[in-house]
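The structure under discussion appears below in the form of structure tokens.
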Amino acid sequence: MEVEVKLRLPNKSAHQKLLASLSPFHATTHRQHNTFYDGAAAELSSRRAVLRLRFHEEPDRPKCFVTLKANAVLANGVSRVEEDEEEVDYSIGKACSEEPQKLKDVDCRVLRRVKEEFGIESYVSLGGFKNVRNVYEWKGVELEIDEVSYEFGDMYEIECESVEPEKVKGMITEFLKENGIEYSDSVKSKFAIFRAGKLPS
């Protein structure tokens with residue numbers, strides 16, 4: 001079970017102000033491209049699951065991760081989701097993103113599990129979106145500040161994985177208030193926003 005604090009920033013100005021406030025703690029930046037998949041008969045979505053390929057597009061160290069997510073619940077700015085993730089060869093992932101049926105032939109634990117548990121015989125692509133993720137080592141936790149680019153607009157979000165989400169949320173919101181940065185609890189996951197085709201109001 002992955003448990004994360006998720007807070008939404010209202011605009012690019014708040015995002016830039018937060019990046020400046022956190023600059024002494026910056027660890028790395030990931031340029032991500034996320035693509036999503038279902039079975040041709042909606043085998044995953046009908047059971048509240050989705051398959052994701054996430055590409056880290058850094059030229060010197062490209063990576064690809066295949067992830068199965070299921071039964072996501074987001075309430076009061078805390079997300080809980082069943083997640084199973086595994087790194088696969090970047091070139092194999094790219095080939096699958098271009099021809100989703102190749103996912104059937106990839107020998108990895110997560111995709112074997114998808115086939116066994118959901119009985120998928122044919123894959124379809126749902127599309128995807130890009131994200132610039134700045135990572136900060138801050139007060140003993142890892143903050144991820146996201147700038148998500150959808151075809152219908154941009155969205156800015158703070159994420160922090162923790163076994164003590166309420167405590168960490170309090171730390172983050174106190175920091176935001178001290179620095180005059182507006183925020184709100186996230187009410188939809190990035191994937192749910194992508195599928196809705198519009199940003200939350």
- request: State yes or no: are the ring centers of Phe36 and Phe129 separated by less than 6.0 Å?
  value: yes
query: Any side-chain heavy atom of Asp38 within less than 4.5 Å of one from Leu51?
result: no
- request: Report yes if some heavy atom in the side chain of Glu83 is under 4.5 Å from a heavy atom in the side chain of Leu68; otherwise report no.
  value: no
query: Do the side chains of Lys69 and Thr67 get nearer than 4.5 Å, heavy atoms only?
result: yes
message: Between Glu4 and Arg80, does any side-chain N to carboxylate O distance fall below 4.0 Å?
response: no
task: Would you name the heavy atoms of Glu142 and Glu137 that are closest together and state the gap between them?
output: OE1-OE2, 3.1 Å
- request: Would you please test Leu74 and Lys6 for side-chain contact (heavy atoms from CB on, under 4.5 Å) and show each step?
  value: CA-CA 9 Å; Leu74 177 57; Lys6 288 180 179 277; 4.3 Å; yes
- prompt: For the atom pair NZ (Lys115) and CG (Leu103), what is the distance rounded to the nearest 0.5 Å?
  reply: 12.0 Å
field: Under 3.5 Å: donor-acceptor pair, side chain of His26, backbone of Thr28
entry: yes
message: Let me check something: do Val5 and Tyr156 share a hydrophobic cluster, defined by ILVMFWY side-chain heavy atoms less than 4.5 Å apart, either directly or through other members?
response: yes
message: For Lys102 and Glu99: C-alpha separation, side-chain torsions, deciding distance, then whether salt bridge (charged side-chain N to carboxylate O under 4.0 Å, His left out) applies.
response: CA-CA 6 Å; Lys102 290 185 175 180; Glu99 295 182 53; 3.4 Å; yes
- prompt: Would the number of heavy atoms belonging to other residues, nucleotides or ligands and lying under 6.0 Å from NZ of Lys167 be above 12?
  reply: no
field: Exercise: identify the closest heavy-atom pair between Leu143 and Trp138
entry: CD1-CE3, 3.6 Å
message: Using every non-hydrogen atom in the two residues, find where Val114 and Ile120 come nearest and quote the distance to one decimal.
response: CG1-CD1, 3.7 Å
- request: Please lay out, stage by stage, how Lys104 and Glu121 fare under the test side-chain contact (heavy atoms from CB on, under 4.5 Å).
  value: CA-CA 7 Å; Lys104 295 186 299 181; Glu121 296 299 329; 5.6 Å; no
query: Does the side chain of Asn11 come within less than 4.5 Å of His15's, by heavy atoms?
result: no
- prompt: Would a hydrophobic clustering, with Ile, Leu, Val, Met, Phe, Trp and Tyr connected at side-chain separations under 4.5 Å, put Val168 with Leu176?
  reply: yes
message: Under a 3.5 Å distance rule, please check whether Glu43 uses its side chain to pair with a backbone N or O of Ala41 as donor and acceptor.
response: yes
- line: NE2 (His33) and OG (Ser149) are apart, to the nearest 0.5 Å, by 10.5 Å
message: In the structure I gave you, are the side-chain heavy atoms of Leu199 and Arg8 within less than 4.5 Å of one another anywhere?
response: yes
- request: Check whether Ile145 and Val148 end up in the same hydrophobic cluster, where Ile, Leu, Val, Met, Phe, Trp and Tyr are linked by side-chain heavy atoms less than 4.5 Å apart.
  value: no
message: Looking at every heavy atom in both Leu53 and Ser97, which two are closest together, and how far apart are they?
response: CD1-N, 4.3 Å
- request: Working to the nearest 0.5 Å, report the span between NZ of Lys190 and CD of Glu157.
  value: 3.5 Å
message: Quick check: closest heavy atoms across Thr173 and Leu7, and the distance to 0.1 Å?
response: CG2-CD1, 3.9 Å
message: Between Arg47 and Glu117, does the salt bridge (charged side-chain N to carboxylate O under 4.0 Å, His left out) criterion hold? Intermediate values first, please.
response: CA-CA 11 Å; Arg47 292 169 60 184; Glu117 291 187 18; 5.4 Å; no
message: Given Glu57, which partner from the list Lys130, Arg133, Lys94 fulfils the salt bridge (Lys or Arg N to Asp or Glu O under 4.0 Å) test?
response: Lys94
Heavy-atom side-chain contact between Lys12 and Glu147 under 4.5 Å: yes
- request: Is it possible for you to say whether Val187 and Met155 belong to one hydrophobic cluster, with membership spreading through side-chain heavy-atom contacts below 4.5 Å?
  value: no
- prompt: Is the distance between the ring centroids of Phe65 and His56 less than 6.0 Å?
  reply: yes
query: Does Ser186 reach the main-chain N or O of Lys188 with its side chain, forming a donor-acceptor pair under 3.5 Å?
result: no
- request: Decide yes or no on side-chain contact (heavy atoms from CB on, under 4.5 Å) for Asp107 and Arg112, but give the supporting numbers first.
  value: CA-CA 7 Å; Asp107 183 25; Arg112 286 195 299 271; 2.5 Å; yes
query: Once the angle between the rings of Tyr150 and Phe152 is folded into 0 to 90°, is it parallel (under 30°), tilted (30 to 60°) or perpendicular (over 60°)?
result: parallel
- line: Output for pair (Arg195 CZ, Ser189 OG), nearest 0.5 Å, gives 11.0 Å
field: Test: Asp84 and Arg109 ion pair at under 4.0 Å
entry: yes
query: Quick check: are there more than 12 heavy atoms from other residues, nucleotides or ligands sitting under 6.0 Å from CD of Glu151?
result: no
field: Steps toward side-chain contact (heavy atoms from CB on, under 4.5 Å) verdict (Glu144, Asn134)
entry: CA-CA 6 Å; Glu144 298 170 337; Asn134 282 287; over 6 Å; no
message: If you count heavy atoms of other groups shown closer than 6.0 angstrom to CD of Glu182, is the number above 12?
response: no
message: With a 4.5 Å cut-off on side-chain heavy atoms, are Leu18 and Ile158 touching?
response: yes
- prompt: What is the distance from atom CG of Asn131 to atom NE2 of His30, rounded to the nearest 0.5 Å?
  reply: 10.5 Å
message: Are Val124 and Phe118 connected into the same hydrophobic cluster when the rule is that any two of I, L, V, M, F, W, Y join if their side-chain heavy atoms are below 4.5 Å apart?
response: no
query: Taking atom CZ of Arg31 as the centre, does the number of heavy atoms from other residues, nucleotides or ligands within less than 6.0 Å exceed 12?
result: no
message: Within the 4.5 Å heavy-atom criterion, are Tyr37 and Leu44 side-chain neighbours or not?
response: no
Minimal non-hydrogen separation, Phe175 against Asn179, with atom names: O-ND2, 2.8 Å
- prompt: Does the pair Glu166/Lys169 count as a salt bridge with the N-to-O cut at 4.0 Å?
  reply: no
- prompt: When rounded to the nearest 0.5 angstrom, what is the spacing between CG in Leu126 and CZ in Phe191?
  reply: 5.5 Å
